[in-house]
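Note sheet for the following structure.
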Protein chains: 2
Amino acid sequence: MNDYLSLDQQLCFAVYETSSEFNKLYTKALEPFNLTYPQYLVLLALRENDGLAQKEIGEKVRLGTGTLNPMITRMTANGWVTKERSTGDSRSVVISLTEKAKNSKRDIALAIKEAIERCGIQSNEYFELMKLLGSVRDKMKKSRMEQA
Amino acid sequence: MNDYLSLDQQLCFAVYETSSEFNKLYTKALEPFNLTYPQYLVLLALRENDGLAQKEIGEKVRLGTGTLNPMITRMTANGWVTKERSTGDSRSVVISLTEKAKNSKRDIALAIKEAIERCGIQSNEYFELMKLLGSVRDKMKKSRMEQA
DNA sequence: TGAATATATATCGTGTACGATTTAATTTTA
DNA sequence: TAAAATTAAATCGTACACGATATATATTCA
């Protein structure tokens, strides 16, 4: 029981610190493009499937309307995406990549790839970590869903 | 190279999602105590070493003054810590746990322990994940420091 | 000692995050 | 079909998170 009480030994803190490091790495790599880290995640989601509704983007990047709405407004102002009411269901809004967003795909990916490689993270630990994180994340999510 | 371009395959996103799940778990477990997750991390830091300066807390929980200052002000208002200018060096501020904070230690730890156990995270994956996260975090931090 | 430098907080601006409420449009159903 | 329920965005309030600047106190050293 006492094992849980020390700051250094808490898994939450290890996740929190690593998340913070990723945030800093991406912030720095994306700065020249005038993009933030969560904004970049939205671009990635749209690259997998352009023209999503805001709600669908939210499901992909796990963000609610209170976060996404102002964020996408900013991305629109910065010329990364466009926003228009769906013709089919005019409650929903369709978000699409601009030409600028499509054209800068390679440059952005390269900047991030370089930043990641500079850290010297090994391929095997990359995938092992992904696997473990996925497992823990799913358990936590499942447990959270069951409570509601 | 193309491996890096999909959202699902990005380590950053796995960390981000897991961090978000921890945040939600702790938020829920700490809600009855009127404590947020980062505030709880500050309490943990003070339990390891009470009477730290704000700067020292910042080093432990990796937060800057722009975040910590208002946070600790809120924690003072909520009766978790006290704040007073150091007698030795009146630039620095000494943060100490209140009786309330000391007395609720067990109750809070129990609430979190229960929430974690409900998820069914195995002990071996807990420690394996800690190890991998620590390794990646250190590499990222080292790389970040070298750039400056 | 007095000016330059360093240090610890405090403050400010921007951008997430999230729960709760509001508004507008669509679907369900009585 | 009209009222009720649902849904998608938008808005609001609170709380991080961080870089930059300001302020007050200490320290250094010419």
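Numbered from 1 within each chain, the chains take letters A, B, ... in sequence-line order. Since this is a predicted model, take the numbers as computed values, not measurements.
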Under 4.0 Å between a side-chain nitrogen and a carboxylate oxygen: does that hold for Lys131(B) and Glu128(B)? yes
Presence of salt bridge, Glu114(B) and Arg118(B), under 4.0 angstrom: no
Does the side chain of [X] get closer than 4.0 angstrom to OP1 or OP2 of [N] through an N or O atom?
| X | N | result |
| --- | --- | --- |
| Arg74(A) | dT16(C) | yes |
| Ser90(A) | dT26(C) | yes |
| Thr36(B) | dC16(D) | yes |
| Lys83(A) | dA10(D) | yes |
| Arg85(A) | dA10(D) | yes |
| Asn69(B) | dA10(C) | yes |
| Thr27(B) | dA15(D) | no |
| Arg62(A) | dT16(C) | no |

Nucleotide [N], atom [atom2] - distance to [atom1] of [X] in whole Å:
| X | N | atom1 | atom2 | answer |
| --- | --- | --- | --- | --- |
| Gln54(A) | dA25(C) | CD | P | 16 Å |
| Asn23(B) | dA15(D) | CG | P | 14 Å |
| Arg144(A) | dC18(C) | CZ | C1' | 12 Å |
| Tyr16(A) | dA17(D) | OH | P | 4 Å |
| Tyr26(A) | dG15(C) | OH | C1' | 19 Å |

dT9(C) base to Arg91(B) side chain: any donor-acceptor pair below 3.5 Å? no
Decide yes or no, distance alone: a donor-acceptor N/O pair under 3.5 angstrom between the base of dA10(D) and the side-chain of Thr65(A). yes
Please tell me which of Lys24(A) and Ala53(A) maps to the more 5' nucleotide of DNA chain D, matching each residue to the nucleotide holding its nearest heavy atom. Ala53(A)
Do the rings of Phe13(A) and Tyr16(A) sit parallel, tilted or perpendicular, given the 30° and 60° boundaries? parallel
On a heavy-atom basis, the closest approach of Ile108(A) and Leu35(A) is CD1-CD1, 3.8 Å
